[in-house]
2 protein chains.
Amino acid sequence: MGAPTADRVAGRLLGEAPAGSAGDRMNQDGSRRGTDDGVMYRRVAADLRDAIADGAYGSGGKLPAEAALAEHYGVSRGTIRQALALLRSNGLVTSRRGTRRVVLGTAPVQSFSELLSFTNWARSVGEEPGAVLDSMVVRPAGDQERERLRLEPDADVYAVLRVRTLSGRPVMIERTVYPVWVGELVARLPVNEVSYTEQLLEHGIVFADADHTIDLAYADADDARLLGCADGTALLRELRHTTDPTGRPLEWSEDRYLPGTVAFTVHNSIAASAFSRLRHAGPAR
Amino acid sequence: MGAPTADRVAGRLLGEAPAGSAGDRMNQDGSRRGTDDGVMYRRVAADLRDAIADGAYGSGGKLPAEAALAEHYGVSRGTIRQALALLRSNGLVTSRRGTRRVVLGTAPVQSFSELLSFTNWARSVGEEPGAVLDSMVVRPAGDQERERLRLEPDADVYAVLRVRTLSGRPVMIERTVYPVWVGELVARLPVNEVSYTEQLLEHGIVFADADHTIDLAYADADDARLLGCADGTALLRELRHTTDPTGRPLEWSEDRYLPGTVAFTVHNSIAASAFSRLRHAGPAR
DNA sequence: AAGTGGTCTAGACCACAGA
DNA sequence: CTGTGGTCTAGACCACTTA
């Protein structure tokens with residue numbers, strides 16, 4: 001390939017501002033928060049994301065044509081399309097045959113790790129994450145656990161119960177089940193280590209895919225005790241199933257949040273959506 | 001391009017079954033439920049989706065290499081990659097450089113319209129959807145509504161309140177706000193028309209992008225009366241903001257579900273995710 | 001009719017996994 | 001080392017929108 005230099009990604013191609021928001025076309029600085037992972041389409045995407053965040057195209061404004069972007073960045077149209085697909089999947093821009101792409105809004109600046117890790121999420125919203133280990137046991141896997149973690153019939157699991165805190169205030173109960181090979185690593189971590197995810201990452205364990213189910217649950221005696229709420233209080237529940245890039249299950253977790261501490265957001269589009277409603281099937285644990 | 005005939009998409013290329021699930025390699029019928037929209041990569045994706053659902057590769061099994069798929073379907077590798085990207089974004093398969101793709105699970109068979117439309121969702125889970133119109137008014141837009149629907153300062157909105165039912169049982173309260181140009185169409189629909197979405201679609205209004213926020217809310221007097229629950233009952237709330245392919249806002253809705261009637265699922269991956277947690281900011285209405 | 005995004009091709013090189 | 005998916009290119013044609 002042409003191996004364009006990094007500073008090829010700088011400057012700003014102007015699109016078309018929406019009616020009623022002309023005049024704010026500053027920010028030619030080309031500064032970029034996004035990570036340079038050396039992949040061109042990500043750099044282009046990051047640059048466009050920043051431009052959109054700066055309001056260079058306005059909300060409801062039009063992006064430059066793909067051909068124009070390709071020339072501007074000195075890459076092929078295919079690369080531009082890769083970058084735009086990213087923005088599209090993040091709900092930043094629309095696309096429709098025949099017309100220019102339209103800016104929908106500003107990106108929620110959250111990376112994949114922030115989606116999985118309570119710790120990273122807490123930091124990203126400016127709070128101090130904490131964790132209190134309540135219990136960690138090794139026990140034979142239940143039927144559901146064996147199936148979900150794809151384990152042998154007689155396999156054990158590590159079951160961990162933790163209270164997660166924001167700036168010292170308990171907000172979530174985390175019940176996580178790990179297969180033995182992951183659990184052994186978890187067990188060796190210092191007690192009250194805040195982020196298992198980060199530590200596991202350093203052991204070469206990569207969280208690659210996750211399925212989440214969100215519904216409502218009621219606090220049991222443990223929840224009430226640990227969260228300091230009344231027994232039977234309604235909690236927002238997230239069931240999470242995570243695998244590594246190989247498809248090997250890494251964890252199966254049930255998190256219960258105190259109301260008012262968290263909300264979940266999803267974007268979907270006619271092109272690609274990973275969002276669906278389910279008929280409620282009762283407690284899945 | 002080579003314009004392959006439709007029946008080029010038939011037969012089945014076998015991958016590699018996971019340990020412990022060999023022997024179920026039937027289904028050479030090539031039957032396909034998927035829609036033939038004439039786009040090759042979608043046809044390939046649908047075919048692979050069916051193959052996966054039939055267990056041809058097994059859960060945890062490996063897909064054939066891209067090159068093999070390309071030859072099998074008689075298309076280029078690029079097209080195969082488009083198809084696989086679809087499956088990936090649906091959480092069906094993983095992908096990692098260096099190794100074959102791994103089957104994660106079976107697709108949730110839901111289309112985009114099922115995600116937006118209560119009616120389609122209800123049908124897809126085998127229940128009879130219903131709607132009872134409680135009120136429909138035209139009134140000046142509030143500040144938030146004006147911003148979210150991108151309206152002029154003095155614009156009106158149509159505000160609709162409906163009770164949604166499953167087989168006659170009330171399960172959800174839907175408070176939707178439409179800009180005038182959409183609301184006028186809605187107002188002309190027959191009272192107790194079940195699916196506004198389907199009707200609007202026939203008027204050429206296309207729902208293309210949606211943002212959802214999910215959290216917990218408590219039943220107010222209206223909710224309690226209409227859902228037949230106690231005042232203050234915890235409800236699962238979905239805030240939804242929908243736009244057409246042009247980026248023009250179509251609706252802004254707050255839906256409140258009785259607990260135990262619905263759950264929301266999300267898939268995300270390290271590659272592309274549209275899912276994020278938010279710091280809770282109180283009632284957004 | 002001109003412009004734009006959607007789809008597809010054929011080829012290239014690279015980074016990484018696993019034998 | 002070989003096979004695999006990840007990235008990128010340069011070109012082509014089509015469907016749709018807008019003027």
Side-chain angles (χ1 to χ4, degrees), chain A residues 1-5 8-9 13 15-16 36-45 62-71 73-88 93-103 204 206 208-209 244-248 269-272, chain B residues 1-5 8-9 13 15-16 36-45 62-71 73-88 93-103 204 206 208-209 244-248 269-272:
Chain A
M1 65 173 265
T5 57
R8 191 81 74 89
V9 185
L13 225 204
E16 184 181 305
D36 262 32
D37 43 33
V39 185
M40 200 56 203
Y41 79 89
R42 284 185 199 278
R43 284 195 276 172
V44 172
K62 286 188 170 63
L63 243 50
E66 292 176 359
L69 289 170
E71 195 190 3
Y73 287 110
V75 299
S76 77
R77 189 178 159 221
T79 303
I80 292 295
R81 283 183 62 79
Q82 265 184 294
L84 290 172
L86 252 184
L87 300 191
R88 170 86 204 253
V93 300
T94 59
S95 57
R96 192 171 52 140
R97 184 149 45 192
T99 63
R100 300 263 271 279
R101 286 169 197 269
V102 172
V103 175
V206 181
D209 286 272
D244 74 4
T246 313
R248 190 164 43 168
S269 70
I270 209 169
Chain B
M1 69 174 254
T5 57
R8 189 82 71 92
V9 184
L13 225 204
E16 186 180 303
D36 262 31
D37 44 32
V39 185
M40 199 56 202
Y41 78 90
R42 284 186 198 278
R43 284 195 277 172
V44 172
K62 286 188 171 62
L63 243 50
E66 293 176 357
L69 289 170
E71 195 191 4
Y73 288 109
V75 300
S76 78
R77 188 177 160 222
T79 303
I80 292 294
R81 282 183 64 78
Q82 264 185 294
L84 290 172
L86 252 184
L87 300 190
R88 171 87 204 252
V93 300
T94 61
S95 58
R96 191 171 51 141
R97 184 148 47 191
T99 62
R100 301 262 271 277
R101 287 170 196 268
V102 172
V103 175
V206 180
D209 286 273
D244 74 4
T246 313
R248 189 164 43 167
S269 69
I270 209 168

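Every chain is numbered from 1 and lettered A, B, ... according to where its sequence line falls, protein lines coming before strand lines. In what follows, every heavy atom counts, from backbone to side chain, and hydrogens, waters and symmetry copies are set aside.
Between D:dG6 and B:Arg101, a contact under 4.0 Å exists linking OP1 or OP2 to a side-chain N or O. Proximity of A:Thr79 to the phosphate of D:dT7: no side-chain N or O atom is located under 4.0 Å from OP1 or OP2. For A:Arg96 and D:dT18, the shortest distance from a side-chain N or O to OP1 or OP2 is below 4.0 Å. Residue B:Arg100 places at least one side-chain N or O under 4.0 Å from the OP1 or OP2 atom of D:dT4. Taking 4.0 angstrom as the limit, A:Arg81 places a side-chain polar atom (N or O) nearer than this to OP1 or OP2 of C:dG6.
Nearest heavy atom pair, residue A:Val93 against residue A:Arg88, reads O-CD, 3.4 Å. Listed here is the closest heavy atom pair of B:Ser269 and A:Asp209: CB-OD1, 3.1 Å. Of all heavy-atom pairs between B:Ala208 and B:Pro245, the closest is CB-N, 3.5 Å.
As rounded to whole Å, 15 Å separates atom C1' of C:dG6 from atom CD of A:Gln82. Atoms NZ (B:Lys62) and C1' (C:dA19) sit 13 Å apart, rounded to a whole Å. Straight-line distance from the CD1 atom of A:Ile80 to the C1' atom of C:dG6: 16 Å, rounded to whole Å. The distance from atom CD of B:Glu66 to atom P of C:dG11 is 17 Å, rounded to the nearest whole Å. Rounded to whole Å, the distance from CZ on B:Arg43 to P on C:dT7 is 13 Å.
Of the candidates C:dG5, D:dT18, D:dG5, the closest approach to any side-chain atom of A:Thr99 belongs to D:dT18.
Considering only heavy atoms from C-beta on, B:Leu63 comes within 4.5 Å of B:Leu84 through its side chain.
Side-chain polar atoms of B:Thr246 and A:Arg96 form a donor-acceptor pair below 3.5 angstrom.
Heavy-atom nearest nucleotides on DNA chain D were determined for A:Gly98 and for A:Tyr41, and the one closer to the 5' end corresponds to A:Tyr41. Each of A:Ser76 and A:Arg97 was matched to the nucleotide of DNA chain D holding its nearest heavy atom; the match closer to the 5' end belongs to A:Ser76.
Across all strands shown, B:Arg77 has heavy atoms under 4.0 Å from base atoms, whether or not it also approaches the sugar-phosphate.
For a distance-only test at 3.5 Å, the side chain of A:Arg42 fails to qualify as a donor-acceptor partner of the base of D:dG6.
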